[in-house]
Amino acid sequence: MDHQDTIVALSTPPGISALAVIRLSGKESITLADKIFKGKKLSDQPSHTLHFGKITEDDTVIDEVVIGIFKAPHSYTGEHIVEISTHGSSFIVQKIIRLFIDLGARAAGAGEFTQRAFLNGKFDLSQAEAVADLIAADSDSAHRAAMNHMRGGFSAEIKKLREELIHFASLIELELDFAEENVQFANRNELTGLILSLRDHLLHLKSSFRLGNVIRHGVTTVIAGRPNAGKSTLLNALLNEERAIVSEIPGTTRDAIEEVVNIDGVLFRLIDTAGIREATDVIEKLGVEKTMEKISQSTVLLYVFDVNEMDREELLNELSKLPQGKAAVVVTGNKIDAQRNNNLENQYLNIENLIFVSAKQKIHLDFLRKKLVSLVAGDAQAGDKTIVTNVRHYEALSKADQALEDVFHSLQSDASGELFAADIRRALNALGEITGEVTTEDILGSIFSKFCIGK
């Protein structure tokens, strides 16, 4: 793909709307706009200004528009950029884009504007990827994580790690140049300390990926329990709407119902499931099997039980039968509005993450919401905390960590620098892949193909 030509694309969603924005980028973008714009001569105007006029074709007015011009290098892509605000008619949009293509512009590829920003040094690669995350952010925590990455928080950490390692790498390489003299320029104890420190930092970043994945994709939260424990009522209460059918008849819910709710800036994908019991028919049996499957795949399990029907021993027995996955379990004692015993805490001693609620009367639901958020995204509330949300970054961090582990073992066995110099380079390359200091066309193609066309 030629990155020297001028590209054009619609940057707002296609379809009928009040306004649409068409964007051009490239050294000829302002010159091309001047050819069809009736108003001030754009090439004579200062950067970062707006101008009202008409787009015409052979003296026929296509639309009245507002054009913004952003001159290189002070623009998003580092090139001349023109942004045309038109009325949101699909006919008008396609007509204007076709005019620019006829004048010599090319239709932009997916993510090509941001790719040019990266190639022109406006962003490093992790910051460029954060642009797509910011566009896709559908919760406060996802927005904060994307903003932290886009503003360079994660990049700064990676660059600092590389710089610390590069210093010792250069000393090791110098030793190799003087191998016959058998001299050591790099202090092995200091290098060992650095490797341990770097691995500790990498471990911290890698461990944040589970949280990052939750922030980016939402928390899979299964609501499970015996029939008539109040699972569907709890789903409706958390959603503040009547989404699931509530009935006194046990086994009403036969199939999983899934809905999304935003709690304190974190998306929870709530899944109401069939009641867990000995099935009385084939359909109910399939529903129970599906419940168990959903539990094993969940990030959070809301196990709901009726405090009027189940004592502590029964509860522990039921919990022990559940699939032992990686889910955080919140044990939810429901129907406290019908409970005459005011000493529930003593009745269910030493059960972790136990909360008593009334889904029907919406009692203590705020406590339940806070517990859900704190279990999966407590650290996400720290706005400036770096959280890894991208699987490509996680894989690169893992490769760097493995290379540093190999370096550490070589140091422990008092091996020569020649043996672990290559492992240090592996670690540097892996970290460089995150920011784009080390990259390939295949990596760039894979990353930017996931962007929308106009970005």
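None of these values were measured; they are calculated from a predicted model.
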**Q.** Least distance between heavy atoms, Glu112 atom then Gly109 atom
**A.** OE1-N, 2.9 Å
Q: Please step through side-chain contact (heavy atoms from CB on, under 4.5 Å) for the pair Val373 and Phe268, ending with a clear verdict.
A: CA-CA 9 Å; Val373 172; Phe268 287 83; 4.0 Å; yes
Q) If you measure from CD1 on Ile166 to CD1 on Ile424, what distance do you get to the nearest 0.5 Å? A) 11.5 Å
Q. How would you list, by chain and number, every residue that makes a ring-ring contact (aromatic ring centres under 6.0 Å, His included) with Phe91, sequence neighbours excluded?
A. none
**Q.** Aromatic ring pairing Phe123/Tyr76, orientation class (parallel under 30°, perpendicular over 60°, tilted between)
**A.** perpendicular
Q) How far does CG of Leu161 sit from CG of Leu397, to the nearest 0.5 angstrom? A) 8.5 Å
(Q) Between Ser11 and Gly454 (side chain of the first, backbone of the second, donor and acceptor by atom type, cut-off under 3.5 Å), is there such a pair? (A) yes
Q) Will you find, in the side chains of Ser126 and Asp124, an N or O donor that is under 3.5 Å from an N or O acceptor? A) yes
Q: Give the ring-plane orientation class for His48 versus Phe70, where under 30° counts as parallel, over 60° as perpendicular and anything between as tilted.
A: perpendicular
Q) Is Glu352 atom CD crowded by more than 12 heavy atoms from other residues, nucleotides or ligands, each under 6.0 Å away? A) no
(Q) I'd like to know if the side chain of Asn120 reaches the main chain of Lys122, judged simply by a donor and an acceptor atom lying under 3.5 Å from each other, with no hydrogens or angles considered. (A) no
Q: May I ask you to decide if Ala72's main-chain N or O and Ser75's side chain share a donor-acceptor pair within less than 3.5 Å?
A: no
Q: Output yes when a side-chain donor or acceptor of His149 lies under 3.5 Å from a complementary backbone atom of Ile387, and no otherwise.
A: yes
Q.
Within this structure, what is the CD1-SG distance for the pair Ile135 and Cys452, rounded to the nearest 0.5 Å?
A. 4.5 Å
Q. Without hydrogens or angle criteria, can the side chains of Glu433 and Asn429 be said to hold a donor-acceptor pair below 3.5 Å?
A. no
Q. Any donor and acceptor pair, going by atom type alone, linking the side chain of Asn334 with main-chain N or O of Leu234 inside 3.5 Å?
A. no
(Q) Over 60° means perpendicular and under 30° means parallel, so tell me whether His364 and Phe367 are parallel, tilted or perpendicular. (A) perpendicular
Q: Please indicate whether His87 has more than 12 foreign heavy atoms, meaning atoms of other residues, nucleotides or ligands, lying under 6.0 Å from its NE2.
A: no
Q. Donor-acceptor pair, Ser47 side chain versus Lys71 backbone, under 3.5 Å?
A. yes
(Q) Using a strict threshold of under 4.0 Å (side-chain N to carboxylate O), is an ion pair present between Arg98 and Glu57? (A) no
Q.
As a quick check of understanding, evaluate side-chain contact (heavy atoms from CB on, under 4.5 Å) for Thr6 and His80, giving each step before the final call.
A. CA-CA 9 Å; Thr6 297; His80 290 335; over 6 Å; no
Q | Test of ring centre spacing under 6.0 Å for Phe37 and His51 | A | no
Q: Determine yes or no for a side-chain-to-main-chain donor-acceptor pair under 3.5 angstrom, with Ser197 supplying the side chain and Gly193 the backbone.
A: no
Q | Cation-pi geometry met for Arg23 and Phe113 (6.0 Å, 45°) | A | yes
Q.
Going by ring-ring contact (aromatic ring centres under 6.0 Å, His included), name the residues that satisfy it together with His204, two or more places apart in sequence or in a different chain.
A. none
Q.
Any salt bridge linking Lys159 with Glu163? Criterion: basic side-chain nitrogen under 4.0 Å from a carboxylate oxygen.
A. no
Q.
Strictly below 4.0 Å, N to O, side chains only: are Asp5 and Arg116 in salt-bridge contact?
A. yes
Q) Roughly how far, to the nearest 0.5 Å, is CD of Glu405 from CG of Asp423? A) 10.5 Å
